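Chain letters run A, B, ... following the sequence lines, proteins first and then strands; every chain starts at 1. For clarity, every value in this text was computed on a predicted model and none was experimentally measured.
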Amino acid sequence: MVSVASWNINSVRLRMPIVAQFLTEQAPDVLCLQEIKTVEETFPFEAFNALGYTHHAVHGQKGYHGVATVSRIPMKEFSRHDWQDNGEARHVGVELTGAGQDMVIENVYVPAGGDIPDREQNPKFGQKLDFLGRMTDWAGKIARPTLIVGDFNIAPLESDVWSHKQLLKVVSHTPLEVEVLKRFQDAHGWVDVGREFIRDPERYFSWWSYRSKDYRTGDRGRRLDHMWASPELAAKATSHTVHEDCRGWEKPSDHVPLVTEFDL
DNA sequence: ATGGTGGCGGAGCCA
């Protein structure tokens, strides 16, 4: 059995106490973090080592973005892509080399895309679409069983948002983004593992904005985080859990961790 | 229609 977690942590240094709590309580084999907001030189390697997570692949950046994958089972860095073609740290890939060997885990932080869903008025929106376009080209060439996880910054289904109607023109849920994400999915035949276990139209959120006193008020969440697998790998998934309680922890991230278990 | 909060780093950018 191999378990993999994904969590947009919004500063790994500030959030290390709750990361430690999560790893102690849930003990996933592999943890993929997004928005670590630090460079490799100041990544808390020792804190992860002390928790038994002695294998690391860190693609950091000063102040913004940044991803890291840590593991308590053997793995090694496999790839680093710059799908935005601008030097931002938004991807790191690893391959497991012990249990679950042959499995590749791609950890990605898709650009949020700014506020206006129009690439003419808002270059960030265009960059988001282009990032996904390059990811789609890459996905068409994958030759190994792969799990891609992370903050996709898109909630594709109506049941992935608190109000489909009110979010149709809000970046993350526009029909154009949903279409571009679908093209990415079709390029490899990715299976949306989370939705295999929490089936549409059941409510599934992974993010709640900081901009409200209590995130529970109105439950205005979105599913921005995903775990998608190659078909042969998805067939081996045995469970999937959304740890919503972490949103209510001390000094929380605005995202919560997802965990998938595989019978490998 | 608007503004609401948070992190980094020490102003303004990003989300």
Side-chain angles (χ1 to χ4, degrees), chain A residues 6-22 32-44 47 58-68 82-91 107-119 121-132 135 149-156 160-163 165-174 176-177 180-181 205-226 244 246-258:
Chain A
S6 177
W7 196 1
N8 179 320
I9 200 62
N10 187 20
S11 174
V12 69
R13 288 177 294 172
L14 188 74
R15 226 69 77 185
M16 201 59 217
I18 62 169
V19 172
Q21 183 180 348
F22 175 71
C32 299
L33 296 167
Q34 301 88 39
E35 277 205 271
I36 61 172
K37 294 190 171 178
T38 184
V39 290
E40 189 168 349
E41 287 71 22
T42 46
F43 184 83
V58 180
H59 189 183
Q61 184 178 332
K62 186 177 171 64
Y64 304 102
H65 323 309
V67 293
D82 180 4
W83 286 313
Q84 203 168 8
D85 198 25
N86 67 353
E88 292 182 352
R90 294 180 176 276
H91 169 268
N107 177 2
V108 65
Y109 176 43
V110 175
D115 290 332
I116 305 168
D118 180 313
R119 70 157 73 228
Q121 296 179 58
N122 169 25
K124 286 179 189 295
F125 190 70
Q127 287 173 10
K128 181 180 194 175
L129 301 177
D130 294 343
F131 185 105
L132 290 159
M135 263 177 68
V149 308
D151 180 359
F152 290 13
N153 265 314
I154 298 176
D160 291 339
V161 294
W162 64 276
S163 169
K165 196 174 171 184
Q166 292 182 71
L167 288 170
L168 273 170
K169 293 180 180 174
V170 173
V171 173
S172 73
H173 192 61
T174 64
L176 177 55
E177 289 168 277
V180 167
L181 187 63
F205 305 151
S206 69
W207 172 89
W208 292 260
S209 173
Y210 283 126
R211 298 179 189 183
S212 72
K213 280 199 163 94
D214 185 343
Y215 76 97
R216 296 174 190 84
T217 304
D219 192 25
R220 297 189 170 192
R222 304 178 204 168
R223 182 172 72 122
L224 302 180
D225 303 275
H226 300 264
E244 280 192 33
C246 296
R247 185 63 180 80
W249 286 4
E250 190 80 15
K251 293 282 289 177
S253 169
D254 45 354
H255 296 252
V256 298
L258 315 178

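Residues satisfying the side-chain contact (heavy atoms from CB on, under 4.5 Å) criterion with A/Tyr215, sequence neighbours excluded, are A/Trp208, A/Arg247. By the side-chain contact (heavy atoms from CB on, under 4.5 Å) test, A/Asn122 is found to be paired with A/Ile116, A/Lys124, A/Phe125, residues two or more places apart in sequence or in another chain being considered. By the salt bridge (charged side-chain N to carboxylate O under 4.0 Å, His left out) test, A/Arg223 is found to be paired with A/Asp160, A/Asp192, residues two or more places apart in sequence or in another chain being considered. Listed by chain and residue number, nothing satisfies the ring-ring contact (aromatic ring centres under 6.0 Å, His included) test with A/Phe205 (two or more places apart in sequence, or in another chain). By the salt bridge (charged side-chain N to carboxylate O under 4.0 Å, His left out) test, A/Glu40 pairs with no residue at all, sequence neighbours left out.
Taking the P atom of each, B/dC14 and B/dG10 are spaced 16 Å apart, rounded to whole Å. Rounded to whole Å, the C1' atom of B/dG7 lies 14 Å from the corresponding atom of B/dA11. A distance of about 23 Å separates the P atoms of B/dG6 and B/dT2, rounded to the whole Å. Comparing B/dT5 with B/dG9, their P atoms sit 22 Å apart, to the nearest whole Å. For the C1' atoms, the distance from B/dA1 to B/dG12 is 25 Å, rounded to whole Å.
Counting non-hydrogen atoms under 4.0 angstrom, A/Tyr215 reaches nothing in the nucleic acid. Using a 4.0 Å heavy-atom distance criterion, A/Arg90 is classed as a sugar-phosphate-only contact.
In this entry the distance linking CD of A/Gln61 with P of B/dC14 reads 11 Å, nearest Å. Protein atom CG of A/Asn153 is 8 Å distant from nucleotide atom P of B/dA15, rounded to whole Å. Remark: P of B/dC13 and CD of A/Glu88 are 15 Å apart, rounded to the nearest angstrom. Taking atom CD of residue A/Gln127 and atom C1' of nucleotide B/dC13, one finds them 14 Å apart after rounding to whole Å. Spacing between atom CD of A/Gln166 and atom C1' of B/dA1 amounts to 13 Å, rounded to whole angstrom units. One atom, CG of A/Asn122, and another, P of B/dA15, lie 10 Å apart when rounded to the nearest Å.
Within the 4.5 Å cutoff, no side-chain heavy atoms of A/Ser212 are placed close to those of A/Arg220. In this structure, the side chains of A/Ser206 and A/Leu258 come closer than 4.5 Å at one or more pairs of heavy atoms.
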Just by protein heavy atoms under 4.0 Å, how would nucleotides 4-9 of chain B read 5' to 3' in B, S and -?
BBSBSS
